[in-house]
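Written out below as structure tokens is the structure these notes cover.
For ligands, and for the atoms within them, numbers begin at 1 and follow the listed sequence. All values reported here derive from a predicted model rather than from experimental measurement. Side chains are part of it too, since the values below use all heavy atoms of this structure and drop only hydrogens, waters and symmetry mates.
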Amino acid sequence: MTTIHVDLPGRAYAIHVAPGLMARLPDLLGPHLARPRVAVLTDERVAALHGSALHGALAAGGIAAEMLALPAGEGTKSWEGLSRAVEWLLEQRVERRDLVLALGGGVIGDLAGFAAAILRRGVRFVQVPTTLLAQVDSSVGGKTGINTPQGKNLVGAFHQPVLVVADTALLGTLARRDLLSGYAEVAKYGLLGDADFFAGLEARGPALFDDAEALAGAVVRSCEMKARIVERDETEEGERALLNLGHTFAHALEAATGYGDRLLHGEAVAVGLGLAFDLSARLGLCSQEEPSRVRAHLGAMGLPVRLGDVPGALPPPEELLRLMAQDKKAVAGRLRFVLARGIGRAFVAADVPEEAVLATLRDG
Ligand code: GLY
């Protein structure tokens with residue numbers, strides 16, 4: 001088991017990564033339990049796959065667990081999903097010293113974390129992420145929240161978990177497309193700050209998914225990078241924005257395609273990473289070869305890398321730009337972009353000329 005520590009003052013926690021950790025949950029949870037009982041929030045798909053293993057593991061350690069399985073999918077990350085979760089937790093008489101356990105992907109982790117943040121003005125919660133995306137990104141760093149008709153993640157709170165347990169064996173049940181979608185975020189860490197990590201991923205290629213040890217290693221490196229960034233900038237005043245490399249483009253593409261099966265979040269990020277490097281090259285920040293190298297790797301893994309790879313028609317560049325301007329990270333109407341001076345050298349740029357973005361979208 002590899003353990004990464006997130007050293008936030010008064011809110012420090014451990015991220016444990018290894019195959020088979022579900023069975024060790026009683027030991028890992030032990031120090032955090034005021035009484036041998038947890039309230040589990042999950043979705044119906046994850047409950048069917050991993051619910052009885054979780055119950056079995058906890059029961060073997062003498063821990064009682066009640067479970068609420070909400071419908072699977074982004075629609076659950078809503079006011080309705082939140083009120084169901086919070087009211088159920090109250091019905092279960094979850095108290096301030098109790099523990100909420102989020103078992104699932106990003107939707108459940110974000111929703112359960114937000115429910116825990118507002119329940120009785122804050123109860124502690126544990127993340128047990130079951131997707132690659134959740135293991136390398138959303139379960140770490142304390143961003144919690146829901147979507148509203150006005151946009152994604154516009155309502156929420158920073159609420160750090162007290163523990164993250166990433167059982168990499170659970171990734172074996174993921175559909176290839178979901179695994180790949182999470183992989184875009186893994187590659188992102190290399191692209192934003194660790195060129196050697198990216199080169200290692202390039203060298204391994206799609207064989208990564210057949211090598212449990214290497215995949216766990218990629219989860220560890222991703223979590224280490226995220227932990228260090230979150231320690232320095234928990235509430236995204238500056239450096240944490242680097243984690244949004246490729247995401248301004250991605251959010252526009254997701255908005256244009258309806259946040260669904262047509263284009264998964266990680267697929268949008270993969271296209272966005274290529275565009276972010278295109279834009280960087282166009283602005284003379286990095287060589288023309290860098291966007292090609294980014295796309296060559298992501299494409300070899302099986303991800304979409306160009307606007308033309310997105311199924312169906314997309315709105316014109318001007319409309320995509322308008323969708324980007326609605327990104328909540330816009331400051332006083334000006335878009336911030338995460339750009340790169342090369343692979344592993346990302347930075348936040350506040351003053352990107354609109355024309356360069358439009359030209360990138362036209363060629364993308
Ligand atoms: N997923 C971006 C962040 O946690 O800041």
Side-chain angles (χ1 to χ4, degrees), residues 4-8 11 13 15 17 74 77 102 104-114 116-117 125 127 129-147 151-161 163-164 166 178 181-194 218-255 259 264-273 276 324 327-331 335-340 346-348:
I4 300 131
H5 295 279
V6 185
D7 272 323
L8 289 167
R11 299 178 305 295
Y13 57 98
I15 306 163
V17 184
E74 195 75 27
K77 220 177 111 173
V107 166
I108 287 297
D110 287 8
L111 177 79
F114 190 34
F125 83 114
Q127 292 269 20
T130 57
T131 64
L132 183 55
L133 183 118
Q135 293 193 354
V136 300
D137 185 15
S138 57
S139 69
V140 175
K143 280 190 181 175
T144 72
I146 57 168
N147 305 325
K152 282 187 74 172
N153 298 323
L154 295 179
V155 174
F158 285 101
H159 187 51
Q160 299 291 342
L163 178 70
V164 180
D178 291 321
S181 180
Y183 180 77
E185 301 282 0
V186 174
K188 177 195 75 178
Y189 288 105
L191 293 173
L192 77 87
D194 187 343
V219 173
V220 167
R221 181 65 193 128
S222 302
C223 289
E224 277 170 356
M225 290 190 68
K226 181 149 186 185
R228 298 294 82 83
I229 290 173
V230 167
E231 281 168 357
R232 290 192 291 263
D233 179 22
E234 182 183 10
T235 54
E236 202 172 312
E237 310 296 319
E239 186 185 352
R240 186 164 179 167
L242 295 181
L243 298 172
N244 294 323
L245 180 62
H247 282 59
T248 303
F249 287 109
H251 288 156
L253 293 174
E254 286 184 277
Y259 299 105
L264 301 180
H265 174 69
E267 294 169 340
V269 169
V271 178
L273 289 169
M324 282 181 208
D327 191 302
K328 67 180 185 306
K329 290 166 191 84
V331 177
L335 272 180
R336 284 190 301 162
F337 273 91
V338 184
L339 299 176
F347 69 101
V348 180

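Between the side chain of Lys226 and the backbone N or O of Val140, at least one donor-acceptor pair lies under 3.5 Å. Remark: the backbone N or O of Lys152 is not paired with any side-chain donor or acceptor of Tyr259 at under 3.5 angstrom. A side-chain donor-acceptor contact under 3.5 Å links Gln160 to the backbone of Gly141. When atom types are taken as modelled, the side chain of Asp110 and the backbone of Thr144 share no donor-acceptor pair closer than 3.5 angstrom.
In this pair, Phe125 and His159 present their aromatic rings parallel. The plane angle is below 30°, not in the 30 to 60° band.
Legend: salt bridge (Lys or Arg N to Asp or Glu O under 4.0 Å) pairs involving residues 239-249, not counting sequence neighbours, sorted by first then second residue: Arg232-Glu239.
Ordered by chain and residue number, the residues placing a heavy atom less than 4.0 Å from ligand 1 are Asp137, Lys143, Lys226, Glu236, Arg240, Leu243.
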